[in-house]
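These numbers come from the heavy atoms of this one structure, side chains and all, not from hydrogens, waters or symmetry mates. Both counts, for ligands and for their atoms, begin at 1 and track the order of listing.
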Amino acid sequence: MSALRFSSRFNPMLSNTILVQTKSLLFSFSSFSSSVRKPCKTLCCSTNSLLHTNGGTSNSSPLSEDELVGYIFGKKKATEVAHLVWRHVLHKGDIVIDATCGNGYDTVAMLKMVADESGHGRVYGIDIQTEALENTSSLLDETVTQKEKELVKLFPICHSRMDEVLPENTAVRLVAFNLGYLPGGDKGIITTSKTTLLALEASKKMLILGGLISLVVYVGHPGGREELETVEAFASGLCVDGWICCKFQMLNRPLAPVLVFIFKR
Ligand SMILES: C[S@@+](CC[C@H](N)C(=O)[O-])C[C@H]1O[C@@H](n2cnc3c(N)ncnc32)[C@H](O)[C@@H]1O
């Protein structure tokens, strides 16, 4: 694991371093907040409100209908939709957090969105398992340049402690969670409702205006459904004036991952 190096605080490792039959698909898109709990009328209407509130981004084209409709018609995975939404929030040079690095696919995706040629942009990658960070580091080696990799800092800690490893007053544009267990790893090591809630609270404090908390929530394993309820309760409790919170969920695939986006206006 030559690409990882250690820093003095908390012994963190600092790295320099993606179905369904169309006709039978049922789809749910809803927004929720503390005072308003009604489903949005249409997918387009709700999505536009999310995307345009940010005033647009300089480095991306509008989220095309094809891309979103691809999810409805089973051609896009939940993680792909998450990446599409990130692209509309992020700018080159932004600071972002991958709160569950896993095998590194999300880390690489967000790095590509924020890394600029002058060395700005930063990805703070967190995972409770060293194995996951090793996988992430390896994927970075295979897919990005050394210069891009140097913008990634990896920390083997619980994401509930993210505020301890980021420099004070760091302006974070995106905190992404891909909950559950490490694919190909120990299925006994999973995210939990308690620490996920703590991490959401920490994320809320660090996020800048126009920033996003993105979650892919898996419900097929023990504790997964409860974790989704925790995430939904957290998002439902945020004030309408400051936050736009929405959920994408397959209705006829009860074990399909659920997407939650929490956007800070
Ligand atoms: C579904 S995987 C993430 C997939 C990853 N984002 C990717 O692109 O490959 C979930 C990860 O969360 C990690 N995890 C579990 N509990 C955690 C915690 N409390 N803090 C940080 N990471 C945790 C697991 O070790 C696992 O690697």
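In this structure, L111 and V144 have side chains that are in contact, with non-hydrogen atoms separated by less than 4.5 Å. Between M162 and F155 there is no side-chain heavy-atom pair separated by less than 4.5 Å. Between V114 and R122, the closest side-chain pair of non-hydrogen atoms is not below 4.5 Å. Using a 4.5 Å cut-off on side-chain heavy atoms (C-beta onward), M113 and V89 make no contact.
Nearest protein neighbour of atom 2 (S) of ligand 1, counting heavy atoms only, is Y181 O, 3.3 Å. Protein heavy atom nearest atom 9 (O) of ligand 1, with residue, atom name and distance: N103 N, 2.9 Å. Counting protein heavy atoms only, atom 24 (C) of ligand 1 is closest to D127 OD1, 3.5 Å. Looking from atom 20 (N) of ligand 1 to the surrounding protein, the closest heavy atom is H159 N, 2.9 Å. In this structure, atom 15 (C) of ligand 1 lies nearest to the protein heavy atom T191 CG2, 3.4 Å. With respect to atom 19 (N) of ligand 1, the closest heavy atom belonging to the protein is C158 SG, 3.2 Å. Shortest contact from atom 5 (C) of ligand 1 to any protein heavy atom: C101 O, 3.0 Å. Protein heavy atom at the shortest distance from atom 8 (O) of ligand 1 is D106 N, 3.0 Å.
Residue N178 holds the heavy atom nearest to atom 10 (C) of ligand 1 of all those in N178, D98, V108, T107.
Using a 30° and 60° split on the angle between ring planes, H159 and F177 fall in the perpendicular class, above 60°.
A side chain to side chain donor-acceptor pair (under 3.5 Å) with N178 is found for one member of D98, T79, D106, N103 and no other, namely D106. Considering T191, V219, I190, L215 as possible partners of E227, the one that fulfils the side-chain contact (heavy atoms from CB on, under 4.5 Å) test is T191.
For the pair A109 and ligand 1, no heavy-atom separation below 4.0 Å is found.
Annotation for ligand 1: atoms under 4.0 Å from non-hydrogen atoms of I157 are 20 (N), 21 (C). Close approach to L179 involves these atoms of ligand 1, each under 4.0 Å from a residue heavy atom: 1 (C). Of all atoms in ligand 1, listed by their number and element, those nearer than 4.0 Å to a heavy atom of G102 are 3 (C), 4 (C), 5 (C), 9 (O), 27 (O). Listed by atom number, the atoms of ligand 1 under 4.0 Å from Y105 heavy atoms are 7 (C), 8 (O), 9 (O). Which parts of ligand 1 touch A132 is read off a 4.0 Å heavy-atom cut-off, strictly below it: atoms 27 (O). Each of the atoms 26 (C), 27 (O) of ligand 1 lies under 4.0 Å from some heavy atom of L182.
When heavy-atom distances to ligand 1 are checked against a 4.0 Å cut-off, I190 comes that close only through its backbone atoms N, CA, C and O. Only the backbone of A99 comes within contact range of ligand 1, with a heavy atom under 4.0 Å; no side-chain atom does.
Using a cut-off of 4.0 Å between Lys/Arg side-chain N and Asp/Glu carboxylate O, K112 and E148 are scored as salt-bridged.
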_S193 vs T196, side-chain hydrogen bond (donor to acceptor under 3.5 Å, both in side chains): CA-CA, chis, key distance, verdict_ = CA-CA 5 Å; S193 295; T196 296; over 6 Å; no
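Hydrophobic clustering (ILVMFWY, side-chain heavy atoms < 4.5 Å, transitive): F261 and M250 are in one cluster.
Considering both main-chain and side-chain atoms, I126 never comes within under 3.5 Å of ligand 1 through any nitrogen or oxygen pair.
Counting heavy-atom neighbours within 6.0 Å of Y218 OH, excluding the residue itself, gives a total above 12.
Between L151 atom CG and D116 atom CG the span is 8.0 Å, to the nearest 0.5 Å.
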